[in-house]
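Please read the structure below before turning to the comments.
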Amino acid sequence: MGKLKKVQSLAVLWIRDVYRSRRLIFDLANKDFKSRYAASYLGILWAFVQPIVTVSIYILVFQVGFKQGMKRDVPFALWLTIGIVPYLFFQEALLSATNSLMEFSYLVKKVVFKISVLPIVKIISATYVHLFFIGLTVVVYFCFQMPAHIYMVQVFYYSFAAIVLVLGLSYITASMVVFFRDLGQIVNILLQFFMWLTPIMWDVNDMDWVSPGIHRFLKLNPVYYIISGYRDTFLDKVWFWEKGEWTVYFWAVALLIAMLGTLTFKKLEKHFADVL
C-alpha cells in the first residue's frame, strides 16, 4: 500500500507539473521542431521528406519487388502505409525522447527547471510530423477510392495510446542514457530489429503455418495493438472497445511501463546534473 500511495503521489505531481508547464512545453517543442532543420535549405520539409521516402521504398520493395497485390481485398500499398505510419512515429518519438536530457543538458543543470517535461517536448515535436502523416494517410486512402466512415475518428485514440506507451518507455531510456551513453545507439538498433517482429510488412492472421500459441505471443507486443488499431480504424471498421481483452491488456502494460518509467526517472533525477 505504501508503494501504491507513492506511485499515486508521483502521478499527481507529474500531472500538476505538466499542466503548469504546458506553455513552456509547447514553446520548446515548436522551437525544437524548427531548429532541427534550421541550417538546411529545405528547412522543416526534411522532417516530412525522409518518412515519405521510407514509406515509398517499402511499398516499392514489397508491392513491386515481391509482387504483393491485395491484402484482404485492400491494395497492399494502402495496407502497408496505414501500418508503417504509426511505427515511424513510435520510432522517431522514442529515439528523440531518449536523447532529450543529453540535448537539453543546459536546462537539466538549472535547479528550478522541471526536467521531467523534456521527453514530452521531444514527443510533441515528433507528433507534429505524425499528424501530417495521418493526413497523408487519409489522402492515400481516398486516392484508392475507399469510402469515408465514422470509424476513422478513432485514429486519435490510437495516436494517444502510442504517445502514452512511448512516454513511459522514454522516461526509462532517457534517464539511463545519461549514465550509459551507448544506450541511444542500442535503442536505435533494437527499434530496427523490433520493426520486423511487429506485423507491419506481414499479417499475423495470414500465417497459417504458425501455431495459435505463437500468434498470441506475437500479439502480446503492445505496439501490435497500435498498428492493428490503425488498420481497424481505416480498413476493418472495428471500434477499440470491441477488442476488450486486448484493450485492457494494452493499457495495463502501458500504465505499468509509465509507472516504472516515472519511478526510474525520479530515482535518478538528482544525479543528472552531476553527470551531465
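Positions are given from 1, in the same order as the sequence printed here.
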Practice prompt. List the atom of G83, the atom of I227, and the distance in Å for their closest heavy-atom pair.
Written response: O-CD1, 3.2 Å
Worksheet item: How many angstroms lie between NE2 in H130 and CD1 in I124, if you round to the nearest 0.5 Å?
Response: 14.0 Å
Fill in: Atom pair OH/CZ of Y157 and F160 - distance to nearest 0.5 Å
9.0 Å
Discussion item. Suppose the criterion is side chain to side chain donor-acceptor pair (under 3.5 Å): which pairs have a residue in residues 137-153, not counting sequence neighbours?
Written reply: Y141-H149
Discussion item. Applying a strict under-4.5 Å side-chain criterion to I, L, V, M, F, W and Y, I'd like to know whether W196 and F76 cluster together.
Written reply: yes
Response to the item:
CG of D32 to CZ of F26, rounded to nearest 0.5 Å, is 13.5 Å
Fill in: Reported OG1-to-CD1 distance for the pair T127 and I163, which is rounded to 0.5 angstrom
4.0 Å
Practice prompt. Determine which pairs satisfy salt bridge (Lys or Arg N to Asp or Glu O under 4.0 Å) with at least one residue from residues 126-155, sequence neighbours left out, and list them in order.
Written response: none
Practice prompt. Just do the side chain to side chain contact (heavy atoms under 4.5 Å, CB included) check on F272 and I115 with the steps written out, would you?
Written response: CA-CA 10 Å; F272 292 158; I115 60 176; 3.4 Å; yes
Using a 3.5 Å cut-off and no angle test, enumerate the donor-acceptor pairs between side-chain atoms of residues 172-182 and protein atoms at least two apart in sequence or in another chain.
unit_1 : atom_1 : unit_2 : atom_2 : d
T173   : OG1    : T98    : OG1    : 2.8
T173   : OG1    : L169   : O      : 3.3
T173   : OG1    : S170   : O      : 3.3
S175   : OG     : Y171   : O      : 2.8
S175   : OG     : I172   : O      : 2.9
R181   : NE     : V178   : O      : 3.0

Fill in: Taking every non-hydrogen atom, the tightest pair across I82 and F234
CD1-CB, 3.5 Å
Worksheet item: Does R231 use its side chain to pair, donor to acceptor, with the backbone of D236 at less than 3.5 Å?
Response: no
Practice prompt. Treating Ile, Leu, Val, Met, Phe, Trp and Tyr as nodes and any side-chain heavy-atom pair under 4.5 angstrom as an edge, say whether V248 and L255 lie in one connected cluster.
Written response: no
Discussion item. Using side-chain heavy atoms (C-beta onward) and a distance below 4.5 Å, is V139 in contact with C143?
Written reply: yes
Discussion item. List the residues meeting side-chain contact (heavy atoms from CB on, under 4.5 Å) with I189, not counting sequence neighbours, and say none if there are none.
Written reply: none
Practice prompt. Could you tell me whether the side chain of F240 reaches within less than 4.5 Å of the side chain of W246, counting heavy atoms only?
Written response: no
Fill in: Check: Y249 side chain, L220 main-chain N or O, donor-acceptor pair, under 3.5 Å
yes
Practice prompt. Report yes if some heavy atom in the side chain of K267 is under 4.5 Å from a heavy atom in the side chain of T264; otherwise report no.
Written response: no
Fill in: Within 45° cone and under 6.0 Å: R22 NZ/CZ vs Y19 ring
yes
Worksheet item: Heavy atoms, side chains only, cut-off 4.5 Å: are W239 and I150 in contact?
Response: yes
Worksheet item: Taking only residues two or more places apart in sequence or in another chain, which ones pass side-chain contact (heavy atoms from CB on, under 4.5 Å) with L191?
Response: Y87, F90, Q91, L94, L95, V187
Worksheet entry | Non-hydrogen atoms of S159 and I134 that approach each other most closely | OG-CD1, 3.5 Å
Worksheet item: For L235 and M146, which heavy atoms make the closest approach, and how far apart are they?
Response: CD2-CE, 4.4 Å
Worksheet item: Is F156 reachable from V238 through a run of hydrophobic residues whose side-chain heavy atoms are each under 4.5 Å from the next?
Response: no
Practice prompt. Any chance you could measure L165, atom CG, to W251, atom CH2, to the nearest 0.5 Å?
Written response: 9.0 Å
Worksheet item: Looking at CZ of F250 and OH of Y158, how far apart are the two atoms once the value is rounded to the nearest 0.5 Å?
Response: 9.5 Å
Worksheet item: For the hydrophobic clusters of this structure (ILVMFWY residues joined by side-chain heavy atoms under 4.5 Å, transitively), does one cluster hold both W241 and Y225?
Response: yes
Worksheet item: Given the rule in the side chain to side chain contact (heavy atoms under 4.5 Å, CB included) test, do S228 and K243 qualify, once you have shown the distances and angles that lead to the verdict?
Response: CA-CA 11 Å; S228 63; K243 291 187 170 181; 4.1 Å; yes
Fill in: Derivation of the side chain to side chain contact (heavy atoms under 4.5 Å, CB included) call for F33 and V129
CA-CA 9 Å; F33 180 69; V129 180; 3.5 Å; yes
Item to complete: Please report the shortest heavy-atom distance between N99 and G184, naming the atom on each side.
Response: OD1-CA, 4.3 Å
Throw together a table of side-chain donor-acceptor distances under 3.5 angstrom for residues 100-108, partners on residues two or more places apart or in other chains.
unit_1 : atom_1 : unit_2 : atom_2 : d
S100   : OG     : A97    : O      : 2.7
E103   : OE1    : K122   : NZ     : 2.8
E103   : OE2    : K122   : NZ     : 2.8

